[in-house]
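Working notes for the structure below.
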Amino acid sequence: MSIVPVAAEKHSSPPKMSTLVFIFAVSFLTIACHAAPRGQCKANRDNTVSYTGFQVWTITPHSKAKQSTLMKIIRHYNLEMWKETNEIHEPVNIMVPPRYQKEIRLRLEEVKIPYDVEISDLQKAISNENPRTNASAANPKAAHQMDWTSYHRLDDIYGYLTYLADRYPCRVQLLNVGSSYEGRPLYVVHITNSTSPNTPAIWVDGGFHAREWISPALATYIIQQLVEEPSNAKLLVNVNWYIMPVVNPDGYEYTHLKNRLWRKTRSPTGSSSAKCQGVDLNRNFDFKWGGPGSSSNPCSQVYKGPSAFSEPETLAYSNFISSKSNEIKLYLSLHSSGQLIMLPWGYERNTFPSDYDEMLTLAKNAACKFRKFTYKVGNKVDLLYQASGNSADWAKSIGIKYVYSVELPINGFILPASNILPVSQDFFRAMDVFAAEVSTLSAV
Ligand code: ARG
Ligand code: ZN
């Protein structure tokens with residue numbers, strides 16, 4: 001087996017708060033509720049956060065005036081948006097806690113903004129999302145437990161990566177690039193079929209945001225296809241791959257065990273409130289850190305952290321990518337959802353890298369390969385929102401040629417496991433286009 005530690009010690013940093021405050025916060029948390037959403041404090045019998053009665057509404061404002069009224073309502077109730085757009089004729093999705101539903105319904109009716117209930121009971125949707133999670137392990141004797149018909153715990157994912165490194169020692173190396181805040185290993189899979197030192201590489205990551213389960217599922221699917229599917233051998237001709245399927249393993253486990261809709265990491269921030277824990281890793285990068293689209297409030301979903309690269313996850317990630325910045329020619333960071341392929345810059349509107357058009361052409365060619373889902377291609381701020389300190393901007397800033405972040409299909413964070421294969425198979429088609437372009441470049 002080949003698990004190679006990559007300077008793990010050097011980059012691991014101690015917790016940023018005093019032990020006292022930490023102990024206080026932890027004991028307070030166990031008395032209070034586990035990370036209740038938006039100040040709600042409801043727990044299921046097994047002490048997981050309950051979303052019973054929560055709904056997701058789809059609202060299309062259709063006029064500037066109604067759009068601004070809608071935004072006022074969203075801010076007033078501190079509602080979380082699951083989908084946003086500047087386009088007045090396109091729908092936004094919001095998550096509405098039961099206690100506000102009546103009031104908000106009245107307000108919307110008053111100003112004649114129609115809405116649809118897209119998810120009538122979020123807890124039911126969550127319970128139906130991953131039918132196999134509660135079933136006993138399929139076959140404990142199998143070489144690994146991974147498949148793409150259900151979402152898997154971190155152990156299954158890491159078990160599969162270890163299995164691949166054992167089974168295919170020449171093609172697969174499992175690189176341990178650091179540890180998460182709670183001490184879980186951070187793994188990058190290196191897939192190669194080439195002996196030349198100048199082979200260019202493609203980077204793929206998933207699981208930045210804990211609740212975006214389809215992204216680690218797709219990242220591991222890409223690994224599986226590249227390693228175990230002989231007909232994909234052409235994708236390894238003069239192209240190496242570095243794939244990090246779970247950037248935020250602490251958050252990912254937390255979404256399986258306590259709160260399905262957790263987004264950030266699990267590091268303490270000094271606040272005793274459950275939802276004020278953790279940093280948004282995708283606002284913690286050392287490029288335009290702390291600008292618009294990020295927050296210095298630990299309770300925010302886009303909390304930037306106390307300093308750039310304050311988190312062991314972003315530090316390990318950026319150290320690893322920096323060490324391969326001559327090799328890596330294409331960067332893909334997988335999120336959900338929205339069906340978007342987004343290009344830098346994300347920190348400011350109407351600001352573009354000088355080779356934006358080249359990036360755009362390649363992304364459009366890639367998007368043409370999709371048959372099942374349609375993706376929009378364009379600038380991140382135009383398609384989604386401003387996000388200072390995001391990882392893709394940082395990747396572009398250190399000179400990576402083609403940089404994309406992706407919002408996968410379909411809608412929202414709760415995607416029934418039966419969609420994993422359709423989404424993954426469709427997305428994988430684009431790998432041809434990316435690999436063909438990268439194989440013409442040389443690592444320098
Ligand atoms: N993955 C996205 C993010 O990084 C979420 C996209 C959809 N949600 C939204 N609020 N627009 O924030
Ligand atoms: Zn995300």
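When a ligand or atom number is given, it counts from 1 through the structure's own listing order. All residue numbers in this chain count up from 1 along the given sequence.
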- Would Tyr402 and Trp203 count as a close aromatic pair, with their ring centres under 6.0 Å? no
- Message: With heavy-atom distances below 4.5 Å as the criterion, would you say the side chains of Asp280 and Arg263 are in contact?
- Response: yes
- Query: Does Arg260 make a cation-pi contact with Trp213 (under 6.0 Å, within 45 degrees of the axis)?
  - Reply: yes
- Query: In order of chain and number, which residues sit within 4.0 Å of ligand 1 by heavy atom?
  - Reply: Met81, Trp82, Lys83, Glu84, His209, Glu212, Arg263, His335, Ser336, Ser337, Leu384, Tyr385, Glu407
Just by distance, no angles: are the side chains of [X] and [Y] close enough, under 3.5 Å, to form a donor-acceptor pair?
| X | Y | value |
| --- | --- | --- |
| His190 | Thr192 | no |
| Thr265 | Asp250 | no |
| Asn297 | Ser295 | no |
| Tyr115 | Arg105 | yes |

- Which protein N, O or S atoms sit under 2.8 Å from the Zn ion (ligand 2)? His209 ND1, Glu212 OE1, Glu212 OE2, His335 ND1
- Testing Lys83, Glu118, Gln339 for side-chain hydrogen bond (donor to acceptor under 3.5 Å, both in side chains) with Asn411, which one passes? Glu118
- Any ion pair linking Asp426 and Lys369 (charged N to carboxylate O, less than 4.0 Å)?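 Between Asp426 and Lys369 there is no salt bridge, as every charged N stays at least 4.0 Å from the carboxylate O atoms.
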